[in-house]
**Student:** 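Got a structure for you, questions after.
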There are 2 protein chains.
Amino acid sequence: MTIKEVAEKFNMTNDTLRYYEKVGLIGPVKKNSSGIRDYSDNDLRRIEFIKCMRSAGLSIEILKKYVDLYAKGDSTKLERQHLLEEEQEKLEEKIKTMTDALDKLKYKIELYKTDKLDEYL
Amino acid sequence: MTIKEVAEKFNMTNDTLRYYEKVGLIGPVKKNSSGIRDYSDNDLRRIEFIKCMRSAGLSIEILKKYVDLYAKGDSTKLERQHLLEEEQEKLEEKIKTMTDALDKLKYKIELYKTDKLDEYL
DNA sequence: ATAGCATTTAGAGTCTAGTCTAAGTCAATA
DNA sequence: TATTGACTTAGACTAGACTCTAAATGCTAT
């Protein structure tokens, strides 16, 4: 699969795909005889995972750490698990923060709708 | 209330408070005879709101837009309401995205725990 | 075989949201 | 009175995550 096709499939840019490869999040992707990238199924699975985690706010740095641990093999399993568990916690907190903000936002919108707006801002 | 007290109360830095004022998110805050900021109760309520929305990911730009509309008075009520409703939608989508990612993360952790890890990454 | 578009690289530039620095003012304390 | 520490400003700097540019090369269609 070409970079363009992958970019379209996952709704990201060619630049971002090359960038992720440069920083070591994916690949190195195989290239054909004329130096053009040809993404494998496994590349695609990784990209999907990375994209999903990025969209949830996990940093490139932490994902890179995970990828590097994975590359080191089975001896890093427990460490990888702990890394993921930490990110899970952070993510849960973030979702809670956002849900609280959402509730406030809804409340404020309700004040607008019922014209009971007596607030600062 | 001094800038330091406000910063402590809301767990942010003096710099951020001055920055928010500079870009017009809050204030201008009253200053005493020697030029030192003295935050009013109303300032505090705004800061709390801004902080909450920022923590949910609303951009400075959009919050500035809202603040500016508010400053223009009652004629902008409906526009403000629509702005908030749009942000509500975006926020709901973001929470959904993050919840989906969280589920994947939990699933992967489960694979680690049960040692059924047969995955790419 | 020439045009025109896609791909490659290295490296520079951009955007957001702060964060830090320098130079100065002020009030309180030793 | 001298020093200390908090505050002020304007403006430079930073981090993170891309995004864009230039110059070279390759693929496809005419």
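In the text below, chain A, chain B and the rest are named by the order of the sequence lines, each starting its count at 1.
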**Student:** Quick one: side chains of residues 19-27 of chain B, donor-acceptor pairs under 3.5 Å with protein atoms, not counting sequence neighbours, listed by atom name and distance.
**Tutor:**
residue, atom, partner, partner atom, Å
B:E21, OE1, B:R37, NE, 2.7
B:E21, OE2, B:V29, N, 3.1

**Student:** Is B:K77 close enough and on-axis enough to B:Y70, meaning under 6.0 Å and within 45°, for cation-pi?
**Tutor:**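 Judged by the rule (NZ or CZ under 6.0 Å from the ring centre, within 45° of its axis), B:K77 is not positioned above B:Y70.
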**Student:** Please give, in whole Å, the distance from D:dA15 C1' to B:Y19 OH?
**Tutor:**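 Rounded to whole Å, this separation is 14 Å.
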**Student:** Enumerate the residues from residues 42-53 of chain A whose closest heavy atom to DNA chain C is under 4.0 Å, giving them by residue number; use none for an empty result.
**Tutor:**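 Within residues 42-53 of chain A, no residue comes under 4.0 Å of DNA chain C.
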**Student:** Please determine whether side chain to side chain contact (heavy atoms under 4.5 Å, CB included) holds for the pair A:H82 and A:E85, giving the CA-CA distance in whole Å, both sets of side-chain angles, and the decisive distance to 0.1 Å.
**Tutor:** CA-CA 5 Å; A:H82 290 334; A:E85 282 166 347; 3.3 Å; yes
**Student:** May I ask you to verify if any side-chain N or O of A:T13 is less than 4.0 angstrom from the OP1 or OP2 atom of D:dC18?
**Tutor:**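 No, outside the criterion.
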**Student:** Name every residue in residues 21-41 of chain A that has at least one heavy atom under 4.0 Å from any atom of DNA chain C, in order of residue number, or write none if there are no such residues.
**Tutor:**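 A:K22, A:K31, A:G35, A:I36, A:R37 - these, ordered by number, are the residues of the stretch whose heavy atoms sit under 4.0 Å from the strand.
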**Student:** Can you list every salt bridge (charged side-chain N to carboxylate O under 4.0 Å, His left out) pair that touches residues 63-73 of chain A, not counting sequence neighbours?
**Tutor:**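 Every salt bridge (charged side-chain N to carboxylate O under 4.0 Å, His left out) pair that includes a residue of residues 63-73 of chain A, provided the two are not neighbours, is A:K64-A:D68.
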**Student:** Assuming nearest nucleotide by heavy-atom distance, tell me which of B:E5 and B:D15 is located more 5' along DNA chain D.
**Tutor:**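 Looking at the nearest nucleotide for each, B:E5 comes out on the 5' side.
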**Student:** Taking side-chain hydrogen bond (donor to acceptor under 3.5 Å, both in side chains) as the cut-off, I'd like each qualifying pair that reaches into residues 49-62 of chain B, sequence neighbours left out, listed once.
**Tutor:**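 For residues 49-62 of chain B: none.
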**Student:** Does the pair B:K96/B:D100 count as a salt bridge with the N-to-O cut at 4.0 Å?
**Tutor:**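 Answer for the salt bridge query: yes.
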**Student:** With sequence neighbours excluded, what pairs up with A:E5 under the side chain to side chain contact (heavy atoms under 4.5 Å, CB included) test?
**Tutor:**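 Result, side chain to side chain contact (heavy atoms under 4.5 Å, CB included) vs A:E5: A:M1, A:T2.
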**Student:** Describe, as an angle rounded to 10 degrees, how the axis at the first end of the helix from C:dA1-D:dT30 to C:dA30-D:dT1 is tilted relative to the axis at the last end, five pairs per end.
**Tutor:**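 Comparing the first five pairs with the last five, the axes sit 10° apart.
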**Student:** Determine the contact category for A:R54: base if any of its heavy atoms lies under 4.0 Å from a base atom, sugar-phosphate if only primed atoms, P, OP1 or OP2 are that close, otherwise nothing.
**Tutor:**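 Sugar-phosphate only.
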**Student:** Phosphate oxygens OP1/OP2 of C:dG18: is one of them under 4.0 Å from a side-chain N or O of B:Y20?
**Tutor:**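 Looking at the OP1 and OP2 atoms of C:dG18, one of them is under 4.0 Å from a side-chain N or O of B:Y20.
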**Student:** With sequence neighbours left out, write down each residue that passes side chain to side chain contact (heavy atoms under 4.5 Å, CB included) with A:K94, or none if nothing qualifies.
**Tutor:**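 A:K94 satisfies side chain to side chain contact (heavy atoms under 4.5 Å, CB included) with B:M98 only.
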**Student:** State which residues pass side chain to side chain contact (heavy atoms under 4.5 Å, CB included) with B:E92; sequence neighbours excluded, sorted by chain then number.
**Tutor:**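 Result, side chain to side chain contact (heavy atoms under 4.5 Å, CB included) vs B:E92: A:L102, A:K106, B:Q88.
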**Student:** Taking atom types as modelled and ignoring hydrogens, do the side chains of A:S34 and A:N32 form a donor-acceptor contact shorter than 3.5 angstrom?
**Tutor:**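 Short answer, yes.
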**Student:** Going by salt bridge (Lys or Arg N to Asp or Glu O under 4.0 Å), name the residues that satisfy it together with A:K90, two or more places apart in sequence or in a different chain.
**Tutor:**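 With sequence neighbours excluded, A:K90 shows a salt bridge (Lys or Arg N to Asp or Glu O under 4.0 Å) to A:E87, given in chain and number order.
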**Student:** Which ones in residues 55-65 of chain A lie close to DNA chain D, meaning a heavy atom under 4.0 Å from one of its atoms?
**Tutor:**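 Contacts with DNA chain D under 4.0 Å: A:S59, A:I60.
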**Student:** Report the distance from atom CD1 of B:I3 to atom C1' of D:dT8, rounded to the nearest whole Å.
**Tutor:**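 Computing the B:I3:CD1 to D:dT8:C1' distance gives 9 Å.
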**Student:** Do the side-chain N or O atoms of B:N14 get closer than 4.0 angstrom to the phosphate oxygens (OP1, OP2) of D:dA6?
**Tutor:**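 So the side chain of B:N14 is outside the cut-off, no N or O lying under 4.0 Å from OP1 or OP2 of D:dA6.
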**Student:** Kindly confirm or rule out a cation-pi arrangement of B:K108 over B:Y120, judged by NZ or CZ under 6.0 Å from the six-membered ring centre and within 45° of its axis?
**Tutor:**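 Flagged: B:K108 positioned over aromatic ring of B:Y120.
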**Student:** Got a sec, which residues hit side chain to side chain contact (heavy atoms under 4.5 Å, CB included) with A:T114, two or more places apart in sequence or on another chain?
**Tutor:**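 Testing A:T114 for side chain to side chain contact (heavy atoms under 4.5 Å, CB included), a comparison that skips the adjacent residues, returns A:E110, A:K116.
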